Amino acid sequence: MSSPALASPVRPSPALTAQVQALLAGPVPVSTPEARAALCATLRPLLDEGGVLDDQSGGVRLRLDAAWGALTLALRSGRPVEHHAETSSTNTRARALAAVLPAGAPLPLVVADHQTAGRGRLGRSWSAAPGAGLLFSLVLRPPVPPVEAPRCVLLWAAAMAEVLGLLLKWPNDLVDVEGRKVGGMLAELDGLGADRVPSVILGVGINIEPPTDPALTQAGSLRGLGRAPVDRAALLGALVRAVDRVDPLDPAGLDRWRARAHTLGRRVRVAGREGLATGLREDGALLVDGVPILAGDVELVAGEAGRGTE
Amino acid sequence: MDLQQIEDLIRLMRKHRVGEIEYENADIKLAVRFHASGVAPTVVAAPVASAAPSPAAAPAAAPASAGRMVKSPMVGTFYRAAKPGSPPFASVGDRVSVGQPLCIIEAMKLMNELESDVTGVIEEILVENGQPVQFGQALFRVRAD
């Protein structure tokens with residue numbers, strides 16, 4: 001178990017970040033054995049996380065494709081990172097960090113290899129064997145009033161679906177073309193009504209391997225789609241950077257969600273209503289026969305290739 | 001008060017570095033607050049209960065029971081507990097303090113834990129668990145200390 005009193009998230013210096021980028025891009029000349037030893041010493045924390053320094057003609061090159069750890073993830077994602085081999089819930093940790101995070105401070109990323117009490121909607125559990133999935137939480141502070149925060153979550157979900165080549169089940173499940181759930185997210189707004197900067201905590205779980213839990217045999221995975229990443233840290237970094245590039249003020253932002261929608265145009269049952277999912281309203285509400293739905297689990301109506309995913 | 005006037009108000013507040021303002025007349029009650037980060041302001045507007053001005057003898061100090069209303073900051077579904085089967089965050093008669101979670105409002109799978117902005121005793125819970133709530137709708141009546 002992780003101890004409650006943790007060091008602050010790992011954040012590489014700009015100098016180290018620049019050096020690592022150069023070493024990842026191509027061979028960097030190293031003139032003497034002493035210079036190489038000095039470089040190894042500088043990179044020691046990264047090499048300890050699985051980074052490899054290759055000697056090539058023309059110098060040395062860094063490979064991080066098998067590396068995994070706080071510093072690797074911070075370099076890949078561009079955020080300060082708190083990494084846990086195991087934690088109860090990344091959202092719980094991210095909330096604790098957000099609660100004391102001053103305005104303007106860099107926003108952290110919390111990553112876990114294994115979650116013992118991962119949460120889904122309404123307290124449903126979401127667990128994964130160590131390394132079988134990507135489990136992380138982001139602290140986000142979009143420059144919008146809290147009423148517009150739900151729309152932001154759809155924008156972030158669409159950005160991640162683009163990176164993963166997946167579709168979206170309303171509001172923000174990541175599904176394959178068959179509608180099987182490959183990933184999901186739970187967003188929480190923290191600090192509402194309180195005297196501090198409100199944050200959105202975006203918890204994300206993505207199946208790399210097929211879940212072993214017999215209750216989840218309907219779920220999909222990146223492995224099942226033939227798209228399991230060789231470099232997990234690079235994929236996680238790409239997901240985080242895609243989220244961080246989202247402009248919450250872009251008026252056309254939800255078109256990216258619509259372009260990846262699995263739900264739209266299908267017959268669904270949600271919130272006690274059955275009908276055709278006709279569209280997505282500008283605040284993110286699902287329109288079922290034109291009626292806006294703000295909360296609930298979408299079920300495809302039988303005959304609609306209905307493979308339930310919840 | 002129209003949208004243009006609200007925009008003017010926000011512009012003036014920004015110019016003069018006013019962090020928070022509340023305004024009330026017969027028709028509307030408006031609160032504009034800038035967050036500490038200096039990002040977009042929150043604007044909360046609610047129609048004033050349209051009690052027709054009672055002729056004469058309006059009781060000077062209406063009972064009003066000094067109840068402070070905790071209102072919903074967004075449209076969504078109201079939940080009194082973190083998950084089904086869990087004890088509710090707060091019940092009638094409970095003492096609550098500033099920052100204490102009172103309920104969850106869910107909108108599009110975004111869970112909003114609403115914290116109390118008042119210290120006192122909950123006198124009334126105005127919405128049933130699982131019911132939809134509107135922006136600005138009163139959720140709790142709290143007798144403030």
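What you are looking at is a predicted structure, and each value in this text was computed from that prediction instead of being measured. Below, chain A is the first sequence line, B the second, and so on; all start at residue 1.
- Salt bridge status for B:Glu106 with B:Lys83: absent, with no side-chain N to carboxylate O gap under 4.0 Å.
- With a 4.5 angstrom heavy-atom cutoff, A:Pro150 touches chain B via backbone and side-chain atoms both.
- Between chain A and the residues B:Ile104, B:Val70, B:Asn112, the most heavy-atom pairs under 4.5 angstrom are made by B:Asn112.
- With a 4.5 angstrom heavy-atom cutoff, A:Val147 touches chain B via backbone and side-chain atoms both.
- At least one donor-acceptor pair closer than 3.5 Å links the side chain of A:Arg260 to the backbone N or O of A:Leu166.
- For the pair A:Trp170 (side chain) and B:Met108 (backbone), a donor-acceptor distance under 3.5 Å is absent.
- Checked by atom type and distance alone, the side chain of A:Lys181 never pairs as donor or acceptor with a backbone atom of A:Asp173 at under 3.5 Å.
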